[in-house]
Amino acid sequence: MSQQLLAGMESSAVTVLKRAVELDSSSRFQESLVCYQEGIHLLMEVLKEGKYHEQIKISADATGYSYEKLFKPYLDPLVTEVWVEDPYIRHVHQVYNFLRFCEMLLKGPCKVKNIHLLTSLDDDSRNSQQTSGLEEIKQSLQSYGVTMEVMFSSTIHDREIRFNNGWVIKIGRGLDYFKKTQSKFSIGYCDFDLRHCHETTVDIFHTKHTKNS
């Protein structure tokens, strides 16, 4: 497929998706869904022909990398299922990170119904808040109509987050890329856009690309 045709398809996809947003804002949800589907289909065709790989390098002490900023560009109303593979959802602050990630998903624009978490079990599971914390998150999600499945693996190493619209985000440090604030009353404790980050790399792919590469 020629680059000119690919550019034309990409332009058409942008136009259709802009229309979908306008319809969504006007509460014309059924029409907006059709436009979303058409626009995403066009983008998928472009991705199938081209190779998509974006890399974001987060430097030490950088700010402005909340979960919303990092993940929202890859979420749309067609996202209903999410897979999180991260060996370090173990300690209390890491479980809170996962909770914040789930809260971000609930705020849309996706319509998440199923969340799958694969992590490793805390070495001292008897005294750990890991299992109880994850169970509480699971019960809380149920009140929002979301089912959460938790599985543990002793061999998991890679960190990967997948959405069922095809996007795959791999973060070197998983969800735990934020530094600890000086105190609970320091700027950045609540707003993660203001929280300093550890140095890490974010790689973003699409399954159409990864399967054909």
> Work out which heavy atom in G133 is nearest to a heavy atom in V95; give both atom names and the distance.
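Looking at all heavy atoms of both residues, the closest pair is C-CG1, 4.2 Å.
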> Hey, does F98 have a side-chain heavy atom less than 4.5 Å from the side chain of D86?
no
> When rounded to the nearest 0.5 angstrom, what distance separates OH in Y88 from CD1 in I156?
10.0 Å
> Taking side chain to side chain donor-acceptor pair (under 3.5 Å) as the definition, give me every residue that meets it alongside S132, ordered by chain and number, with sequence neighbours left out.
none
> For L78 and D76, work out which heavy atoms get closest and say how close.
N-OD1, 2.7 Å
> Atom NZ of K111 and atom CG of L75: how far apart are they, to the nearest 0.5 Å?
12.0 Å
> Ignoring hydrogens and angles, tell me if any N or O in the side chain of R195 forms a donor-acceptor pair with the backbone of K179 under 3.5 Å.
yes
> Going by ring-ring contact (aromatic ring centres under 6.0 Å, His included), name the pairs with one or both residues in residues 56-77, residues two or more places apart or in two chains.
Y67-Y177, Y67-F178, F71-F101, Y74-W167
> Please lay out, stage by stage, how L194 and T63 fare under the test side chain to side chain contact (heavy atoms under 4.5 Å, CB included).
CA-CA 6 Å; L194 299 173; T63 58; 5.8 Å; no
> Would you say the side-chain atoms of N164 pair up with the backbone N or O of T80, donor to acceptor, closer than 3.5 Å?
yes
> So, does S140 use its side chain to make a donor-acceptor pair with the main chain of I137 at under 3.5 Å?
no
> How far does CG of L23 sit from CD of Q30, to the nearest 0.5 angstrom?
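It comes to 11.0 Å.
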> I'd like to check the salt bridge (charged side-chain N to carboxylate O under 4.0 Å, His left out) partners of E160; sequence neighbours left out, ordered by chain and number.
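E160 satisfies salt bridge (charged side-chain N to carboxylate O under 4.0 Å, His left out) with R162, K170 only.
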> If you round to the nearest 0.5 Å, how far is NE2 of H91 from CG of D176?
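The NE2 atom of H91 is 9.0 Å from CG of D176, to the nearest 0.5 Å.
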> Can you tell me how far CG of N97 sits from SG of C102, rounded to the nearest 0.5 angstrom?
11.0 Å
> Counting C-beta onward and ignoring hydrogens, is there a side-chain heavy-atom pair between S32 and E22 closer than 4.5 Å?
no
> Please check: side-chain N/O of S143 versus main-chain N/O of Q139, any donor-acceptor pairing under 3.5 Å?
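Such a contact is absent between S143 side chain and Q139 backbone.
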> Could you tell me which residues satisfy salt bridge (charged side-chain N to carboxylate O under 4.0 Å, His left out) with D158, sequence neighbours excluded, listed by chain and number?
none
> Mind checking side chain to side chain donor-acceptor pair (under 3.5 Å) for S186 and listing every partner two or more places apart, or none if nothing turns up?
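For S186 the side chain to side chain donor-acceptor pair (under 3.5 Å) partners, ignoring immediate neighbours, are S183.
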> Among residues two or more places apart or on two chains, list those pairs meeting ring-ring contact (aromatic ring centres under 6.0 Å, His included) that have a residue in residues 142-163.
none
> State whether the side chain of T147 and the backbone N or O of N114 hold a donor-acceptor pair below 3.5 Å, judged by distance alone.
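No.
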> Is H206 reaching over with its side chain to a backbone N or O of N165, donor-acceptor style, under 3.5 angstrom?
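Indeed, once roles are kept as given, a pair shorter than 3.5 Å links the two residues.
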> Roughly how far, to the nearest 0.5 Å, is the CZ atom of R100 from the CD atom of E68?
10.5 Å
> Donor-acceptor pair, Q130 side chain versus S120 backbone, under 3.5 Å?
yes
